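Here the structure comes first, spelled out in structure tokens, and everything after it is commentary.
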Amino acid sequence: MAIWNNQTVSGVGHQAKETLSGFKAFILRGNVVDLAVGIMIGAAFTAVVNGLVGNIITPLIPLPTGSLATLVWHPPYNPKATVNIGAFINVVITFIILALVIYFFIVRPVNALMERFKPKEVEAPPATRDCPYCLNSVPLMATRCGYCTSPLPPPPPQQPVQAQQQTAART
């Protein structure tokens, strides 16, 4: 029974327990349930839109041979074959309606909420400044230019980060 003394074999139970506890935390977080509900609602909504397009919209579009829903083309090289153009147009109209609904009722509102509640980004103060004589970039706190060795004026005073955030919040 030397196999039980093997470090890899003896740690398998512990590794399996860690993996399953991670999966349990993932399931109980709610994301999976939300995703499942979203998929089911999406499937039901797709069925409703398919019914609307196939049974109401395309039969109302008139053609000389009937309606758009029943439009069929027979290729001249194989008269027994049929190409259901009406069914394809039904699918395209369904896709366009679903894309519009998703964009206007999900994407735009979520983007507006994200933009509204997204924390404001604070600009970091610059780490360099330009030498007024040679126009090369030098470190902000430098007293002499490393390129032309000219004495530099003192750097502008920096505001603390909290003061910058308060100033930005007032504007």
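Counting from 1, the numbers follow the sequence of the chain as shown. Here the structure is a predicted model, which means the values were calculated and not measured. The basis for the numbers below is simple: all heavy atoms, side chains too, and nothing from hydrogens, waters or symmetry mates.
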Say you draw a straight line from [atom1] of [X] to [atom2] of [Y]; how long is it, rounded to the nearest 0.5 Å?
X	Y	atom1	atom2	result
T58	L71	OG1	CG	10.5 Å
F117	L113	CZ	CG	6.0 Å
I61	L68	CD1	CG	5.0 Å

Do [X] and [Y] have side-chain heavy atoms sitting under 4.5 Å apart?
X	Y	result
V72	I85	no
H74	P79	no
R129	L152	yes
S150	C134	no

I need the minimum non-hydrogen distance between P155 and L140, along with the two atoms involved. CB-O, 3.4 Å
Of all the heavy-atom pairs spanning V53 and P59, show the shortest one and how long it is. O-CD, 4.0 Å
Do [X] and [Y] sit in one hydrophobic cluster, given that two such residues count as connected whenever their side-chain heavy atoms are within less than 4.5 Å of each other, even indirectly?
X	Y	result
I93	F45	yes
V91	V48	no
V49	I56	yes
L135	Y133	no
W73	I89	yes

Just by distance, do the side chain of R108 and the backbone of Y103 share a donor-acceptor pair under 3.5 Å? no
Answer yes or no: is there a donor N or O on one side and an acceptor on the other, between the side chain of T128 and the main chain of S137, under 3.5 Å? no
Only one of I97, T94, N90 passes side chain to side chain contact (heavy atoms under 4.5 Å, CB included) with N50; say which it is. T94
